[in-house]
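Residue numbers count from 1 along this sequence.
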Amino acid sequence: MVRAAIVSFRLGLSDGVSVVARLWQKMLADIGFDIVTVAGEGPVDRLVPGLGIDQFDGPDPDLFTAAVSDADLVVVENLCTIPLNLPAARTVARVLAGHPAILHHHDPPWQRERFAAVTELPPDDPSWRHVVINRFTAEQFSQRGIETTVIYNGFDTTSPEGDRAAMRAKLEVDDETLLVAHPVRAIPRKNIPAAIAITEELNGAYWLMGQAEEGYDTTLERLLAEARCPVIHRPVARTPDIYAAADLVVFPSVWEGFGNPPVEAAIWRRPCVVGDYPVAHELAEFGFQWFTPDQLVEIQAFLNCPDTDLLDQNQAIAQQHFSLERVRSDLVALLDDAGWLP
């Protein structure tokens, strides 16, 4: 069987790249590839020390070469995109030179102020194909002389609904409480102060899923302690349960490479407040109707009397344009064009 190796800093965890990589893994397996996962962290098939975030000694080139030596195709998830471990990115690029590979880009360095000075990523090679997750990034790659294919993130649009009563019982939230869900990691660009402020104005309970990263621990602790609303800081494993339990989803981010929660909110028929970042506007062009953080009057009116037509429209758009079937079709077309189908 033709084998594909999926490579990243970490895989099998709850971060956004791991989630997308897991979906690609399933689709590549369905297409006919035998899959192995390779990373510096997480429950993977082949653990290579030095590939992980902040493991700045980088991997032993021979160990990494051995980990992908039996792969006919290598899919690199963001490791050669965002400079969280430059020695690892350099090693992966050197080893994969001349080898069929898909570099799946989520966060190029120039999109983050703290990485703007890094110009060596992403690497390029005639044997590779580059995939980005939005048109905004595709245009930026083109300006840098790199041709890309846009494949938007995909979602399971057919899963059974979550258990609202059971999830709210676990959270100790009664039926009368307005539950405002913020399904993100706690980092600065997620704009947690705005999410809390929206919840306060609506007299709701604020539910944050993720833990603090990027040195945000002290700030997060202060924000949650000072919040003038009930606060729940608890992760949930099953996505449908998040949206079943929530009455409103908030996503006031100042920057996102994509932003899964607004699309997930559409799938699970929940209103969503979305921040002013470029890719949000690109996604909205499909016809999604989301609220902005300054539309508190309109949000409250919707909560008092939900517009089912709006929820129907958002759900239909998500099912049409962001299903796993659509991603699989785009991926098959890419593989076919490259001559890499099993």
Side-chain angles (χ1 to χ4, degrees), residues 13-24 77-78 81-82 104-108 110-113 131-140 150-157 180-196 198 207-210 213-214 216 235-236 239-240 242-243 246 248-295 299 310-311 313-315 317-324 326-327 330:
L13 303 176
S14 60
D15 60 285
V17 173
S18 287
V19 171
V20 173
R22 190 178 302 119
L23 293 175
W24 272 49
E77 290 283 354
N78 220 34
T81 313
I82 189 168
H104 194 186
H105 303 287
H106 300 259
D107 305 285
W110 59 81
Q111 292 181 351
R112 303 288 178 84
E113 184 178 352
V131 172
V132 294
I133 58 178
N134 56 68
R135 296 195 313 273
F136 178 81
T137 302
E139 292 168 5
Q140 293 180 329
V150 176
I151 300 182
Y152 288 107
N153 290 349
F155 304 83
D156 185 349
T157 59
V180 179
H182 195 191
V184 299
R185 294 175 295 138
I187 56 178
R189 63 184 173 87
K190 302 297 184 180
N191 204 357
I192 287 170
I196 293 173
I198 292 167
W207 179 21
L208 174 65
M209 310 289 159
E213 298 182 12
E214 299 180 11
Y216 201 63
V236 171
T239 300
I242 295 171
Y243 296 94
L248 176 70
V249 178
V250 287
F251 198 70
S253 296
V254 297
W255 173 262
E256 294 286 343
F258 187 85
N260 289 352
V263 179
E264 292 171 341
I267 294 168
W268 299 111
R269 301 177 59 80
R270 289 295 180 266
C272 190
V273 181
V274 181
D276 184 22
Y277 62 92
V279 180
H281 298 288
E282 180 178 329
L283 297 177
E285 290 175 6
F286 285 92
F288 289 116
Q289 294 187 55
W290 295 316
F291 296 100
T292 60
D294 60 354
Q295 290 183 300
I299 295 166
L310 181 152
L311 298 177
Q313 176 180 317
N314 282 355
Q315 185 181 50
I317 292 167
Q319 290 171 339
Q320 179 180 355
H321 297 287
F322 297 94
S323 67
L324 297 182
R326 192 271 310 157
V327 177
D330 290 347

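Contact between I242 and W207 at its shortest, heavy atoms only, is O-CZ3, 3.7 Å. Looking at every heavy atom in both residues, G259 comes nearest to Y277 through CA-OH, 3.7 Å. Closest approach of F288 and A266 over heavy atoms only: CE2-CB, 3.7 Å. Summarising the geometry of A265 relative to V249, their closest heavy-atom pair is CB-CG2, 4.0 Å, with the distance given to 0.1 Å. Closest approach of L248 and C272 over heavy atoms only: CD1-N, 4.4 Å. Residue A280 comes nearest to W290 through the heavy atom pair O-CZ3, 3.9 Å, listed as atom of the first residue, atom of the second, then distance.
More than 12 heavy atoms of other residues, nucleotides or ligands lie within 6.0 Å of CD in E285, so this atom counts as buried by the packing criterion.
At a threshold of 4.5 Å between non-hydrogen side-chain atoms, the residues R112 and D107 count as touching. Side-chain atoms of P252 and V274, non-hydrogen and from C-beta on, never get closer than 4.5 Å to each other. No side-chain heavy atom of T157 sits less than 4.5 Å from a side-chain heavy atom of L324. Here the side chains of D276 and T292 are not in contact, with every heavy-atom distance at 4.5 Å or above. Side-chain contact between P240 and W268 is present, with heavy atoms from C-beta onward closer than 4.5 Å. Looking at heavy atoms from C-beta onward, H182 lies in side-chain contact with V250 at the 4.5 angstrom threshold. Side-chain contact between P271 and F291 is present, with heavy atoms from C-beta onward closer than 4.5 Å. Residues V327 and L23 form no side-chain contact, since every pair of their non-hydrogen atoms from C-beta on lies 4.5 Å or further apart.
Under the 3.5 Å distance criterion, the side-chain polar atoms of N314 are matched with a main-chain donor or acceptor of Q289. A donor-acceptor contact shorter than 3.5 Å is absent between the side chain of R185 and the backbone of M209. Side-chain N or O atoms of S323 include one that pairs as donor or acceptor with a backbone N or O of R326 at under 3.5 Å. A side-chain donor-acceptor contact under 3.5 Å links R270 to the backbone of Y243. A donor-acceptor distance shorter than 3.5 angstrom exists from the side chain of Q313 to the backbone of G287, with no hydrogens or angles considered. Side-chain N or O atoms of Q315 include one that pairs as donor or acceptor with a backbone N or O of I267 at under 3.5 Å.
Every residue two or more places apart in sequence or in another chain that forms a side chain to side chain contact (heavy atoms under 4.5 Å, CB included) with N260 is listed here: N153, F155, F258, E264. In this structure V254 satisfies the side chain to side chain contact (heavy atoms under 4.5 Å, CB included) test together with R189, N191, sequence neighbours excluded. Listed by chain and number, the residues in a side chain to side chain donor-acceptor pair (under 3.5 Å) with Q320 amount to none (sequence neighbours excluded).
Q140 contributes atom CD, which lies 13.0 Å from atom CZ of R135 (distance to the nearest 0.5 angstrom). From E213, atom CD reaches atom CD1 of I187 across 6.5 Å, with rounding to the nearest 0.5 Å.
Classification of the H321-F286 ring pair by plane angle, with boundaries at 30° and 60°, yields tilted.
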**Request:** Mind running side-chain contact (heavy atoms from CB on, under 4.5 Å) on V184 and L208 for me, showing each step along the way?
**Result:** CA-CA 7 Å; V184 299; L208 174 65; 3.9 Å; yes

**Message:** Let's go through Y152 and E282 carefully: what are the C-alpha distance in whole Å and the side-chain angles of both, what is the deciding distance for side chain to side chain donor-acceptor pair (under 3.5 Å) to 0.1 Å, and is it a yes or a no?
**Reply:** CA-CA 11 Å; Y152 288 107; E282 180 178 329; 2.6 Å; yes

**Message:** Walk me through whether F251 and E256 qualify under side-chain contact (heavy atoms from CB on, under 4.5 Å).
**Reply:** CA-CA 10 Å; F251 198 70; E256 294 286 343; 3.4 Å; yes

**Asked** Can you list the steps and then say if V150 with I133 is a side-chain contact (heavy atoms from CB on, under 4.5 Å)?
**Response** CA-CA 6 Å; V150 176; I133 58 178; over 6 Å; no

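You'll find the ring centres of W24 and H104 inside the 6.0 Å limit.
T137 pairs in a side chain to side chain donor-acceptor pair (under 3.5 Å) with only one of the listed residues (H105, Q111, H106), which is Q111.
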